[in-house]
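The structure appears right after this line, and notes come after that.
Below, chains carry the letters A, B, ... as their sequence lines are ordered, and counting in each starts from 1.
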4 protein chains.
Amino acid sequence: MAGVNKVILVGNLGADPEVKHLEGDKVVANLRLATTEAYKDKMGNRVENTEWHDLELWDGQAKIAEQYLKKGSQLFVEGKIKSDTWQDDQGNNRKRTKIRVLSFTMLGGRPDNAGGGAPQGGGYSQQQPSNVSTPSAVSEGPQEEDDLPF
Amino acid sequence: MAGVNKVILVGNLGADPEVKHLEGDKVVANLRLATTEAYKDKMGNRVENTEWHDLELWDGQAKIAEQYLKKGSQLFVEGKIKSDTWQDDQGNNRKRTKIRVLSFTMLGGRPDNAGGGAPQGGGYSQQQPSNVSTPSAVSEGPQEEDDLPF
Amino acid sequence: MAGVNKVILVGNLGADPEVKHLEGDKVVANLRLATTEAYKDKMGNRVENTEWHDLELWDGQAKIAEQYLKKGSQLFVEGKIKSDTWQDDQGNNRKRTKIRVLSFTMLGGRPDNAGGGAPQGGGYSQQQPSNVSTPSAVSEGPQEEDDLPF
Amino acid sequence: MAGVNKVILVGNLGADPEVKHLEGDKVVANLRLATTEAYKDKMGNRVENTEWHDLELWDGQAKIAEQYLKKGSQLFVEGKIKSDTWQDDQGNNRKRTKIRVLSFTMLGGRPDNAGGGAPQGGGYSQQQPSNVSTPSAVSEGPQEEDDLPF
DNA sequence: TTTT
DNA sequence: TTTT
């Protein structure tokens, strides 16, 4: 046992959040986050490397993402790696990896769509149910998701 | 052995950097960084808690800090905890803790004092001395990334 | 605001935990953790550098620390920097920095004092009340501590 | 821009390292690391969830992995997410995600195969290539800053 | 004061 | 496939 599985990202959204409202008040948001690093290669030329991450947020966080995030938003994200495995049509083992977000913080200036009372720049974590509108959804969300068969 | 000593901060500078140019081309910058967390107390009132961190940067990073950072700048910082211990006048053991910065990244929008070639939004790490040693590299390096289409 | 204040440590305890049982079922444990890094200096000599960290754990985690940790235990720790400030007898401003532990994991082999059902190697976090004996204390603990006058 | 892409793992190897010696003195090691988390579900039953990570190490680190790591080894790992994308035979876009290891630390007790001078418990980072190939190079690395007078 |  |  004794496991630690932690991911920390700072990057920008490549698109607006995709949010699905599921039965039972559950909400899931999928985000595409780009983290770019720049360095000089052996020839001294500047090289830029962008990694795209698939983020998954649930319930309270998903609602906040839906309300405040959009393409270009700069985020600090903390989460864990979580992969789905399955067999495709040809019977091949397939695996898809995503980042299950545990908390995130909007960075930079006030977003365009944020009203006066907006939580711009605040931190939203699954452990702080007070941050979100429906406390019950918060406590249910993350655990159920862990019951999936993989 | 087997030690890990890692600090990750996102916050804002409480003052302009204090930079000292020492003999032998060494430079040290001291920054005051505030990290604020907000939560609701038992009465449901919003409470805000600010922790102030003393950051220390050396040489190339110190020069970049001197050039581009100022009061209010938002930073991502990675470093390690490092404490000084000494005896004061009364012979009491004293200890002062600071964060030795290993890399930092400027967050948020383009700073006021950044010219056209400013490295706003770039990452500066001790492991990439090329970023810091030559002024031209600084202004060239991470700058272009702002042109990404999101 | 947009704050992140995160500390990650792997090290060994320099002494057995110091545990205080306070009124109202509150428990606090103080640990001394050493993180050691080794490197070679310019002369090629191996140099060892040890940083000592003051850790503070509350309630459920404090009880687990009391029960399972001892001098020499190897730990993974996640927490945040938290400093107390006050004025000493001479009216000087003083500051003391510690690590408020949010979760920890025992590393390495089974400890001597662990029985068959011991949670050795498990992870103990404030967010997983199931880990500790009195659920009520868990939810109260961390928030109250933030109400302290500093 | 302003990217951060950081992964921190503590887990155990599911198999011995797979090491390939490539042309030009390059070496790559692939590891399978399990991170396990345990929690109680709604019924109060203990549930265990294991995530398997594909780690990739190069050159000096790969050699150390080959020499000292084996099935069951407990590791602290720091790295970044790195994905390969390609098209399969059917022309479908495919993606595979792995962890590019930047540094790792062996945890726990002395391994069976470690001799007297073994680096058990030490830290091995990419920034200190010297750690592995040429002992003398160690003195040159990025650690010199610790010689500064503070 | 830990650990190797 | 690890670990407890």
Exercise for the section: Specify the closest pair of heavy atoms between Lys95(B) and Trp86(B), including all atoms of both residues, with the distance to one decimal. Expected result: C-CZ3, 3.8 Å

Problem - Selection from dT3(E), dT4(F), dT2(F) that lies nearest to any side-chain heavy atom of Asn12(D) - result: dT2(F)

Practice task
Compare the minimum distances between each of dT2(F), dT4(F), dT2(E) and the side chain of Thr36(D), then state the nucleotide with the smallest one.
Solution key: dT2(F)

Completion exercise
Side-chain contact check for Lys71(C): nearest option of dT2(F), dT4(F), dT2(E) is dT2(E)

Handout entry: Over 12 foreign heavy atoms within 6.0 Å of CG, Asn92(A)
Key = yes

Problem - Distance in angstrom units between Asn49(D) CG and dT3(F) C1', rounded - result: 14 Å

Handout entry: Distance in Å, Lys40(C) NZ paired with Asn45(C) CG, rounded so as to fall on 0.5 Å steps
Key = 9.0 Å

Practice task
Mind calculating the distance between CZ (Phe104(D)) and P (dT2(F)) to the nearest angstrom?
Solution key: 21 Å

Exercise for the section: May I ask you to verify whether the side chain of Thr50(D) and the base of dT2(F) hold a donor-acceptor pair under 3.5 Å? Expected result: yes

Completion exercise
When rounded to whole Å, the OH to P distance for the pair Tyr68(C) and dT4(F) reads 16 Å

Practice task
Measure the distance from CH2 on Trp52(C) to C1' on dT2(E) and round it to the nearest whole Å.
Solution key: 4 Å

Exercise for the section: Round to the nearest Å and state the distance from Gln74(D) atom CD to dT3(E) atom P. Expected result: 17 Å

Exercise for the section: Could you tell me the separation between the OH atom of Tyr39(D) and the C1' atom of dT4(F), rounded to a whole number of Å? Expected result: 17 Å

Handout entry: Name of the residue among Asn5(C), Ile8(C), Leu9(C), Ile81(C) meeting side chain to side chain contact (heavy atoms under 4.5 Å, CB included) with Val7(B)
Key = Ile81(C)

Exercise for the section: Measure from CE on Met106(C) to C1' on dT4(F) and round the result to the nearest Å. Expected result: 11 Å

Exercise for the section: Whole angstrom is fine here: how far is it from NZ in Lys70(D) over to P in dT3(F)? Expected result: 10 Å

